[in-house]
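Structure, as structure tokens:
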Amino acid sequence: MKYLTADFGSTYTKLTAIDARCEEIVGTATAFTTIATNVMDGFHEAMKRLETAIGTFAYDRLLCCSSAAGGLRMVALGLVPELTAKAARTAASSAGAKVIRTFSFEISEAERKAIEAINPDLVLLCGGTDGGNREVIVSNAHKLAETQGDFSIVVAGNKSAADEVDTILSSTNKNFVITENVMPQFNQLNIEPARQEIKKLFIERIVQAKGLSSVQAIAANEIIPTPLAVMNGCELLSKGTRDSEGIGDLMAIDIGGATTDVYSMSHGYPTLSNVQVKGLPEPYAKRSVEGDLGMRYSLRSLVETADIEKVSKEIDFPVNEIQTWVDACHRTPQLLAAEGSREQAIEEALARGAARIATERHCGSWESVYTPFGQVFALTGKDLSEVTHVIGIGGVIANSPHPADILKGAKSEGEGSPHAKPKQPGYLVDKRYIFASMGLLSQENKELALKLLKREIVSL
Amino acid sequence: MSKGTVVIGVIGADVHAVGNKIIDFALREAGYNVINLGVMVSQEEYIQAAIETDADAILVSSLYGHGEIDCQGLREKCNEAGLGDILLVVGGNLVVGKQNFEEVEARFLDMGFNKVSPPGTPIEGIFDYLEEAIAARKK
Ligand code: B12
């Protein structure tokens with residue numbers, strides 16, 4: 001059996017050719033994504049390049065994922081920021097969506113207009129535990145009913161308000177579906193039903209709306225969002241299959257031009273004694289996306305958050321030299337730093353900053369309280385301090401001659417740091433960007449996908 | 001039919017966990033929908049839980065003697081969060097040592113609590129109060 005996987009990305013269409021009989025990745029190729037004209041043009045171009053390199057490749061099954069045309073753009077609505085709004089965001093992110101904004105409480109007219117301006121593909125409407133607050137989700141349903149735009153709505157809030165929300169949304173021409181609450185009881189996370197509905201809507205409506213119907217027509221699988229494919233790949237590598245062991249708890253970081261994605265595969269249970277666990281539980285397979293941390297389109301906000309003075313001290317480069325490079329990248333996103341140049345050192349320092357901040361936000365945090373009988377800790381979020389594998393995916397990390405220097409950003413700053421980041425991780429890299437491909441392959445052949453992942457994701 | 005939704009927890013940096021478990025059990029047995037936040041609970045956590053679950057009352061426990069400081073401003077924050085008329089009840093060992101309870105009670109009532117239980121009051125001691133106050137609030 002021969003498989004071809006295709007990842008229709010925002011910029012590049014990436015092909016991976018797999019021969020199951022030889023248990024080998026026989027080649028990879030990329031070409032520009034051509035969503036504006038016909039997405040198949042880019043596919044054929046990449047195929048041509050692939051076959052130039054490896055000869056004719058007659059595949060039996062084509063498996064596809066996509067983040068083209070902005071990916072799955074979502075808005076999440078909840079009640080309390082730390083509770084149902086966070087649960088909504090978690091559900092959407094782990095379905096592979098790009099959560100553009102999360103809103104809490106009753107949304108204002110200005111926020112309603114902001115949703116209109118975002119023009120999302122999907123809105124996830126949550127709020128209230130079952131039997132809990134109903135006013136807010138009902139009010140927000142009214143607001144969404146008035147909101148212009150061709151978006152679908154997944155309702156996953158207080159079940160006691162479901163009928164009322166149903167009546168409100170039925171009076172509009174909006175496509176919507178009502179499913180189980182993301183937080184049925186206080187601090188109980190139930191994201192799977194919402195995730196499934198998001199996935200279904202992606203296949204039923206969004207693939208078509210994004211001009212991917214021609215791809216779907218020749219694909220053997222149902223197209224899924226690329227981040228979901230990556231997440232499936234990460235989960236497989238971590239957990240393994242029924243017959244083969246995985247590598248255990250891991251964290252993966254994908255620093256792109258616009259966003260930095262962090263994945264963690266770990267229960268994140270507390271590793272210290274004297275710990276009180278606080279806040280909403282988080283899933284074993286967690287994904288977070290930082291829209292303000294990226295190496296091109298979000299480079300300015302990255303520099304702002306990372307603090308240019310700090311970066312300058314860290315690598316002992318003048319501030320204005322860093323600023324010049326940042327401005328150049330802002331003007332010309334295609335810009336690449338030359339091998340061994342000073343610009344490359346700047347890129348690496350900025351990427352390390354992105355890794356540091358994105359993992360701080362992804363991992364849980366400790367708060368320590370001194371009591372007369374000693375120190376006690378309160379942990380919010382996942383304790384990832386004993387995670388032993390930190391994997392860099394694609395882009396700046398894979399292309400850098402010093403990937404470990406970038407990934408070091410994920411490491412804990414040691415005793416006294418409030419962030420539950422890995423204390424002593426080993427670093428690995430996905431040189432050929434195969435996570436998404438293996439996530440797709442795992443739908444058909446888990447054993448093979450795991451074997452290839454273990455071979456390709458190499459220690460540094 | 002539940003008698004109402006109550007949020008419980010031990011406030012501040014207080015880790016006395018045993019009473020909290022007993023209160024949880026007793027309230028459930030008595031027919032309440034209980035949201036238990038455990039120990040080391042901040043004011044914000046009580047409020048967030050009460051908003052999402054549309055709670056009728058917050059039952060604050062404080063055992064280690066710093067209750068007065070920990071409870072200051074809770075009513076004001078409830079007002080800010082739109083929980084204006086939620087019932088606030090407090091109990092445990094509210095202050096350090098043996099102080100005159102009437103004075104302690106007056107200070108907590110002044111802070112906006114609806115009911116203050118003297119040390120040594122078991123949770124059953126406020127069942128009648130709770131039932132009546134929740135019924136009155138729902139009217
Ligand atoms: C066990 C214990 C500990 C254990 C707690 C273990 C744990 N994780 O639970 C440890 C060793 C950790 C501890 C530490 C401390 N403790 Co201590 N501890 C006790 C002890 C001996 C028993 C507590 C207990 O479990 N009681 C049994 C339960 C069932 O009763 P309860 O907690 O009182 O709860 C009932 C009622 O109070 C009531 N109630 C509680 N909340 C509410 C709320 C409402 C609304 C209502 C109506 C009723 C109600 O209903 C509950 C169920 O029936 C008490 C003394 C005592 N005999 O009470 C001291 C005691 C509470 N501790 C005390 C102190 C000072 C401390 C420390 C500050 C200092 C120290 N000595 O180390 C630290 C504080 C740590 C911290 N940050 O919280 C003092 C408090 C003094 C005060 N308030 O004036 C006490 C009273 C001892 C004393 N006589 O000095 N303690």
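Chain letters run A, B, ... following the sequence lines, proteins first and then strands; every chain starts at 1.
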More than 12 non-hydrogen atoms from neighbouring residues, nucleotides or ligands closer than 6.0 Å to [atom1] on [X], yes or no?
| X | atom1 | value |
| --- | --- | --- |
| I69(B) | CD1 | no |
| D128(B) | CG | no |
| K199(A) | NZ | no |
| E192(A) | CD | yes |
| E80(B) | CD | no |
| K21(B) | NZ | no |

| Heavy atoms under 4.5 Å from chain B: which residues of residues 83-99 of chain A carry them? |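 Residues in range: L83(A), T84(A).
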| field | chain B neighbours within residues 153-165 of chain A, where any heavy atom lies under 4.5 Å away | value | none
| note | Under a 4.5 Å heavy-atom criterion, the part of residues 50-61 of chain B in contact with chain A comprises I51(B), E52(B), T53(B), D54(B)
| query | For chain A, which residues from residues 23-47 of chain B have at least one heavy atom closer than 4.5 Å to it? | reply | I35(B), L37(B), V39(B), M40(B), V41(B), E45(B)
